[in-house]
Amino acid sequence: MSEQTDMDRAWEGHTKRDLYARHGIPVYVIVDPRDATWQVFLLAEGMYAHKSDGVFGQTIVADLPAGTVGIDTREWRPYPEAERGGGA
């Protein structure tokens, strides 16, 4: 498995987020299996605002236009220690 570069992370964390916001995607969820965390952002006035965050095992709650959705993360597992990366 190749290591994720800073440019890859920038694409995932900003450019992709900006494109989704521009196209009106109401909820943006970031899942990071390196540290078993997740974050939920809601679209407000054309930009994403942080709503909540948590760890694997907690339920992600997302308010969609069609109603509230719960995503069960109890079965989610982080990457094995050797694949989590870290500072080089």
Side-chain angles (χ1 to χ4, degrees):
M1 175 181 260
S2 65
E3 219 173 287
Q4 189 178 35
T5 66
D6 288 340
M7 183 180 280
D8 293 333
R9 289 189 187 113
W11 162 248
E12 289 178 3
H14 298 286
T15 305
K16 186 188 295 186
R17 184 183 311 165
D18 295 340
L19 287 170
Y20 286 3
R22 188 176 335 153
H23 292 283
I25 306 301
V27 178
Y28 186 71
V29 178
I30 297 174
V31 175
D32 190 343
R34 292 171 297 179
D35 61 2
T37 61
W38 52 263
Q39 296 178 302
V40 176
F41 298 86
L42 298 180
L43 189 61
E45 299 180 18
M47 296 181 67
Y48 286 107
H50 180 260
K51 180 185 183 259
S52 62
D53 53 5
V55 296
F56 289 11
Q58 297 173 326
T59 299
I60 299 172
V61 177
D63 298 316
L64 302 175
T68 301
V69 174
I71 303 170
D72 182 358
T73 70
R74 288 179 294 181
E75 299 296 322
W76 294 11
R77 299 290 175 257
Y79 287 153
E81 187 71 34
E83 295 179 28
R84 290 188 196 172

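For the numbers below, each heavy atom of this structure counts, side chains included, while hydrogens, waters and symmetry mates do not.
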Validation: residues 43-50 side-chain donor-acceptor distances under 3.5 Å, sequence neighbours left out:
unit_1 : atom_1 : unit_2 : atom_2 : d
Y48    : OH     : I25    : O      : 2.6
H50    : NE2    : S52    : O      : 3.4

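The main-chain N or O of D63 is never found under 3.5 Å from a side-chain atom of T68 such that the two would form a donor-acceptor pair.
The hydrophobic cluster containing L64 also includes V27, V29, V31, W38, V40, L42, F56, I60, V69, I71, W76, under a criterion of side-chain heavy atoms closer than 4.5 Å among ILVMFWY residues, counted directly or through chains of members.
Closest non-hydrogen pair, R74 versus G57, comes out as CG-O, 3.5 Å.
Here the straight-line distance linking atom CG of D35 with atom OH of Y79 works out to 11.0 Å at 0.5 Å rounding.
F41 and Y28 have tilted rings, their planes meeting at an angle from 30° to 60° on a 0 to 90° scale.
Residues Q58 and V55 are in side-chain contact: their nearest non-hydrogen atoms beyond the backbone lie under 4.5 Å apart.
Within the structure, salt bridge (charged side-chain N to carboxylate O under 4.0 Å, His left out) pairs that include any residue of residues 19-30 do not occur (at least two apart or interchain).
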